[in-house]
Amino acid sequence: MNRATILRYFSWLTLLASTVLLGACASGPPPEAAASALGPPPPYVIGPGDTLEIYVRDNPDLTVTVPVRPDGRISIPLVQEMTAAGKTPQELGDDLEHSLSKYIRTPIVTVIVTKFVGSFSEQVRVVGQATRPQALPYRRGMTLLDVLIEVGGLTKFADGNDAKVIREVNGRKVTFSVHLQDLLDGNTADNIEMRPGDILIIPQSAF
């Protein structure tokens, strides 16, 4: 084998190794990696159906609890129409301070979400063989076990150890496996922290 042939052979091996490595990088990460990839949960975004407690310091007559209407708006004394959906509580508080400054000197407004519904991007959706498949409002610190409790666990037809979580990580959809039956049996290795927008898919057993 001459020198040129040997060089072509090693170049081909290098290209093949690079292709295999890239393919491995494109696969979904294990639960621990996917759970940590996002870092801290993003600020909560208000959605229709949420209930807000709006506190205006030193103005008890303006401190109210209001629902976010289906059109995404709220009404409080002195501010009859204000869009709330799509904003964080801090952003809404800033907007209310701006509107109230026409009537009050230097208003300070605090917005607290007391009942969470949120948009789909702020929910955890459960489909398939859960006792009560549904979309759940995301809560900070919510774990996979919390989700299972809220949907009533698995049906008798569920293949819990073949379940999947679909999560958006850095703008890309990532799918990874979770072992729900093992989790319910006491193995907490898969009790990952959920993220807003997660989708949990529980398939039916083949038997």
Apply side chain to side chain contact (heavy atoms under 4.5 Å, CB included) to the pair Val147 and Asp198, showing each step before the final yes or no. CA-CA 11 Å; Val147 171; Asp198 278 358; over 6 Å; no
Where do Glu97 and Asp94 land on the side chain to side chain contact (heavy atoms under 4.5 Å, CB included) test, with the steps shown first? CA-CA 5 Å; Glu97 287 177 356; Asp94 292 344; 4.1 Å; yes
Under the criterion side chain to side chain contact (heavy atoms under 4.5 Å, CB included), I'd like the reasoning laid out for Ile166 against Lys173: C-alpha separation, chi angles, the key distance, then a yes or no. CA-CA 7 Å; Ile166 301 175; Lys173 295 291 186 182; 4.2 Å; yes
Begin from the C-alpha positions of Ile202 and Val151 and carry the test side chain to side chain contact (heavy atoms under 4.5 Å, CB included) through to its verdict. CA-CA 12 Å; Ile202 307 172; Val151 299; 5.6 Å; no
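Between the CD1 atom in Ile46 and the NZ atom in Lys87 there is a gap of 8.5 Å [rounded to 0.5 Å]. Note that CG of Asp190 and CG of Leu180 are 8.0 Å apart. Values are rounded to the nearest 0.5 Å. Once rounded to the nearest 0.5 Å, the distance linking CG of Leu154 with CG of Asp159 reads 9.5 Å. From Thr65, atom OG1 reaches atom CD1 of Ile54 across 8.5 Å, with rounding to the nearest 0.5 Å. Rounded to the nearest 0.5 Å, atoms CG (Asp50) and CG (Leu92) are 11.0 Å apart. Interatomic distance, OG1 of Thr131 versus CG of Leu148, reported as 9.5 Å (0.5 Å rounding).
Residues Gly128 and Pro133 come closest through the heavy atom pair O-CG, 3.4 Å. Of all non-hydrogen atoms in Ile74 and Ala84, the two that sit nearest each other are CG2-CB, 3.9 Å. Taking every heavy atom of both residues into account, Pro107 and Ser101 meet most closely at CG-N, 3.8 Å. Between Pro203 and Ala163, the shortest heavy-atom contact is CD-CA, 3.8 Å. Pairing each heavy atom of Gln123 with each of Pro137, the nearest pair is CG-CA, 4.5 Å. Taking each heavy atom of Arg125 and Ala135 in turn, the nearest pair found is CG-CB, 3.7 Å.
Environment of CZ in Arg69: crowded, with over 12 heavy atoms of neighbouring residues, nucleotides or ligands closer than 6.0 Å.
Counting only distance, with no hydrogens or angles, the side chain of Ser205 and the backbone of Phe157 share no donor-acceptor pair below 3.5 Å. Thr114 contributes a side-chain N or O that, together with a main-chain N or O of Thr51, makes up a donor-acceptor pair within less than 3.5 Å. Side-chain atoms of Ser99 do not come within 3.5 Å of backbone N or O of Leu96 as any donor-acceptor pair. In terms of modelled atom types and a separation under 3.5 Å, the side chain of Gln90 and the main chain of Thr88 share no donor-acceptor contact.
In the hydrophobic clustering of this structure, Val127 does not group with Met142; members are Ile, Leu, Val, Met, Phe, Trp, Tyr whose side-chain heavy atoms approach within less than 4.5 Å, directly or through other members. Note on Val111: it clusters hydrophobically with Val66, by side-chain heavy-atom contacts below 4.5 Å among ILVMFWY residues. Linking Ile, Leu, Val, Met, Phe, Trp and Tyr whenever their side-chain heavy atoms come within less than 4.5 Å leaves Leu144 and Ile199 in two separate clusters. Cluster membership for Tyr55 and Val79, using ILVMFWY side-chain heavy atoms within less than 4.5 angstrom, is not shared. Note on Tyr138 and Ile112: separate hydrophobic clusters, where clusters join Ile, Leu, Val, Met, Phe, Trp and Tyr whose side-chain heavy atoms are under 4.5 Å apart, directly or indirectly.
Using a 4.5 Å heavy-atom threshold, the side chains of Leu100 and Asn59 count as separate. Using a 4.5 Å heavy-atom cutoff, the side chains of Met82 and Ile76 are not in contact. With a 4.5 Å cut-off on side-chain heavy atoms, Ile192 and Met194 count as touching. No side-chain heavy atom of Val178 sits under 4.5 Å from any side-chain heavy atom of Leu183. A heavy-atom distance below 4.5 Å is not found between the side chains of Thr175 and Ile201. A heavy-atom distance below 4.5 Å is found between the side chains of Leu184 and Leu145.
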